[in-house]
Amino acid sequence: MLPGDRLIRHYLQFKDFNAEEYAYLFERARIIKHRFKTYEKYHPLADRTLAMIFEKASTRTRVSFEAGMYQLGGSVVHLTTGDSQLGRSEPIEDTARVISRMTDIVMIRTFGQDKLETFARYSRVPIINGLTNEFHPCQILADIFTFIEHRGSIEGKVVAWVGDGNNMANTWLQAAQLLGFTVHISTPSGYGVDLALAGITDDKCYKIFKDPMQACAGADLVTTDVWTSMGFEAENEARRKAFADWCVDDEMMAAAAKNAVFMHCLPAHRGEEVTAEVIDGPQSVVWDEAENRMHVQKALMEYLLLGRVAD
């Protein structure tokens with residue numbers, strides 16, 4: 001850290017912040033979103049540059065971060081695997097040293113969490129996890145903000161996770177442990193969550209169900225993801241068979257609480273992990289959820305670069 005620099009914070013997992021910090025971020029996201037909707041110019045990150053590094057393909061992550069940074073007055077450098085030397089002919093440590101001397105904040109969307117953490121150790125600027133195989137904190141940040149918009153505080157509520165025990169499930173567990181709600185998890189045999197990887201020490205924050213209908217019973221939020229995440233395409237056919245009973249349908253939503261909402265991080269495969277009737281139905285808040293990626297990430301970048309602001 002250079003003389004006069006503020007402490008560098010990274011956002012690599014959901015558990016990197018505490019509950020009080022999340023309360024602040026959700027309020028900042030609300031304010032920033034209102035400014036966007038009312039066409040109020042707000043450029044706190046003028047002359048700041050975001051570097052985005054993609055080893056995994058992206059639509060929502062790229063658009064939400066790029067548009068968000070421009071809306072805050074900053075600029076963006078976009079790098080893909082073909083454009084950068086990340087982990088190829090140049091060590092990650094050296095790439096981090098160089099890019100962090102030329103930009104103010106870096107978002108990385110990659111495969112292994114270890115790459116992200118190595119980059120952060122050698123960076124002079126904040127690093128944001130845009131998605132790894134293990135965690136997806138920006139998505140859960142958006143999901144919880146969306147729930148708060150529609151239903152109020154998530155504390156004490158029940159979130160039903162139906163499907164793969166993947167990076168989304170791991171991150172929901174971290175959020176539940178921090179923010180005081182419960183995750184009902186239902187996955188096919190052999191595709192369960194890794195509680196140790198997620199760092200879950202509170203067994204009151206989750207319950208595991210073999211039957212997805214039981215997991216959805218009384219839930220305030222039902223959510224899922226594709227059956228085959230990026231990097232696991234070779235398992236696609238085996239997963240389609242194993243997950244056949246884990247498609248979120250009208251029956252599962254009927255078992256949930258009367259005012260339950262449905263979420264999906266997208267892209268969605270209608271007829272696989274969710275029916276068209278659910279994702280396009282009245283309980284779905286998927287499109288608000290997708291938009292809110294941009295607003296919570298703006299609040300996150302503002303916080304990592306400027307700390308708490310009062311306006």
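Keep in mind that this is a model prediction, so the values were computed, not measured.
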> For a side-chain contact (heavy atoms from CB on, under 4.5 Å) check, start with the C-alpha distance between Lys33 and Asn292, then their side-chain angles and the critical distance, and finish with the verdict.
CA-CA 8 Å; Lys33 182 175 181 178; Asn292 282 337; 2.9 Å; yes

> Hey, any chance Leu25 and Ile32 share a hydrophobic cluster, counting ILVMFWY side chains that come within less than 4.5 Å of each other, even indirectly?
yes

> So does Thr132 get a backbone contact from the side chain of Asn167, meaning a donor-acceptor N/O pair under 3.5 Å?
yes

> Please test Arg151 against Lys157 for side-chain contact (heavy atoms from CB on, under 4.5 Å), starting from the C-alpha separation and ending with a verdict.
CA-CA 10 Å; Arg151 297 291 184 263; Lys157 299 296 194 298; 5.7 Å; no

> Can you confirm whether His43 is buried at NE2, in the sense that more than 12 heavy atoms of other residues, nucleotides or ligands lie under 6.0 Å from that atom?
yes

> Between Tyr42 and Met294, is there shared hydrophobic-cluster membership here, with clusters defined by ILVMFWY side-chain heavy atoms closer than 4.5 Å?
no

> If you take all heavy atoms of Thr187 and Gly192, which pair is closest and at what distance?
OG1-CA, 3.3 Å

> Would you mind reporting whether Leu173 and Phe14 have side-chain heavy atoms less than 4.5 Å apart?
no

> Start with the C-alpha gap between Tyr303 and Tyr11, add the side-chain angles, then the distance that decides, and say whether ring-ring contact (aromatic ring centres under 6.0 Å, His included) holds.
CA-CA 11 Å; Tyr303 181 59; Tyr11 193 57; 9.4 Å; no

> Within the 4.5 Å heavy-atom criterion, are Leu45 and Leu306 side-chain neighbours or not?
yes

> Is Gln214 reaching over with its side chain to a backbone N or O of Lys210, donor-acceptor style, under 3.5 angstrom?
no

> What heavy-atom pair brings Arg124 and Ile8 nearest, and what distance separates the two atoms?
O-CD1, 2.8 Å

> Distance check, rounded to the nearest 0.5 Å: Ile185 atom CD1 versus Asp164 atom CG?
11.5 Å

> Using the six-membered ring of Tyr24, assess whether NZ or CZ of Arg308 lies under 6.0 Å from its centre and within 45 degrees of the ring axis.
yes

> May I ask you to test the Thr146-Trp287 pair for a side-chain heavy-atom distance under 4.5 Å?
no

> Could you pull out the closest heavy-atom pair between Ala215 and Ala219, with the gap in Å?
O-CB, 4.3 Å

> Quick check: is Met301 connected to Ile31 through a chain of hydrophobic side chains (ILVMFWY, heavy atoms under 4.5 Å apart)?
no

> Can you tell me if Gln174 uses its side chain to pair, donor with acceptor, with the backbone of Ala198 under 3.5 Å?
yes

> Please confirm whether the backbone N or O of Asp280 pairs with a side-chain atom of Ser284, one donor and one acceptor, at under 3.5 Å?
no

> Above 12 or not: heavy atoms from other molecules or residues under 6.0 Å from CD of Glu251?
no

> Just wondering, do Ile154 and Val159 contact through their side chains at under 4.5 Å, heavy atoms?
yes

> Classify the side-chain pair Thr224/Glu273 by whether it contains a donor and acceptor separated by less than 3.5 Å.
no

> Within the distance-only criterion (no hydrogens, no angle test), does the side chain of Gln113 pair as donor or acceptor with the backbone N or O of Glu134 below 3.5 angstrom?
no

> Please report the shortest heavy-atom distance between Ile99 and Leu79, naming the atom on each side.
CD1-CD1, 4.0 Å

> Can a donor-acceptor pair be found, under 3.5 Å and without considering hydrogens, that links the side chain of Thr171 to the backbone of His136?
yes

> Please check: side-chain N/O of Glu117 versus main-chain N/O of Asp114, any donor-acceptor pairing under 3.5 Å?
no

> Centroid separation under 6.0 Å, is that true for the rings of His295 and Phe145?
no

> Can you check whether Tyr191 and Phe243 have ring centres sitting under 6.0 Å from each other?
yes

> Among Leu221, Val222, Ile208, Thr223, which residue satisfies the side-chain contact (heavy atoms from CB on, under 4.5 Å) criterion with Trp161?
Thr223

> Can you measure from CD (Glu55) to OG1 (Thr80) and round to the nearest 0.5 angstrom?
9.5 Å

> Test your reading of the model: is there a side-chain donor-acceptor pair from His184 to the backbone of Ala160, 3.5 Å cut-off?
no

> Identify the heavy atoms of Arg35 and Asp311 that sit nearest to each other, and give their distance.
NH2-C, 3.6 Å

> Measure the CD1-CG distance between Ile127 and Asp16 for me, rounded to the nearest 0.5 Å.
12.0 Å

> Going through the checks in order, is the side-chain contact (heavy atoms from CB on, under 4.5 Å) test met by Asp220 and Phe147?
CA-CA 9 Å; Asp220 302 285; Phe147 185 88; 4.1 Å; yes

> For the residue pair His269 and Trp227, establish whether any side-chain heavy-atom pair is separated by less than 4.5 Å.
no

> Can you tell me if CD on Glu155 sees more than 12 non-hydrogen neighbours from other groups inside 6.0 Å?
no

> May I ask you to check whether Asp143 and Gln139 show a side-chain donor-acceptor distance below 3.5 Å?
yes

> Assigning hydrophobic clusters by single linkage (Ile, Leu, Val, Met, Phe, Trp, Tyr; side-chain heavy-atom cutoff under 4.5 Å), is Val76 placed with Met107?
yes

> Measure the spacing between CD of Glu66 and NE2 of His78 and express it to the nearest 0.5 Å.
7.0 Å

> Whether the side chain of Gln283 engages the backbone of Ala260 through a donor-acceptor N/O pair (distance < 3.5 Å, no angle test) should be reported.
yes

> Hey, what do you get for CD1 (Ile108) to CZ (Phe54), rounding to the nearest 0.5 Å?
10.5 Å

> Taking all non-hydrogen atoms of both residues, which atom of Cys138 and which atom of Val296 are closest, and how far apart?
O-CG2, 4.2 Å

> Do the side chains of Arg109 and Phe65 get nearer than 4.5 Å, heavy atoms only?
no

> Where the side chain of Gln177 meets the backbone of Asp202, is there a donor-acceptor pair that is under 3.5 Å apart?
yes

> Do Leu141 and Val183 belong together in a cluster built from hydrophobic side chains that touch within less than 4.5 Å?
yes

> Evaluate the side-chain contact (heavy atoms from CB on, under 4.5 Å) criterion for residues Tyr122 and Ile92: first the C-alpha distance (whole Å), next the side-chain angles of each, then the deciding distance (0.1 Å), finally the verdict.
CA-CA 9 Å; Tyr122 290 87; Ile92 294 173; over 6 Å; no

> Quick check: do Val193 and Trp172 have side-chain heavy atoms less than 4.5 Å from each other?
no

> State, with a plain yes or no, whether a side-chain heavy atom of Phe181 is found less than 4.5 Å away from one of Val158.
no

> Give, for atom CZ of Phe135 and atom NZ of Lys15, the distance between the pair rounded to the nearest 0.5 Å.
6.5 Å

> With a 6.0 Å cut-off (strictly less than), is the heavy-atom count around CG of Asp47, excluding the residue itself, greater than 12?
no

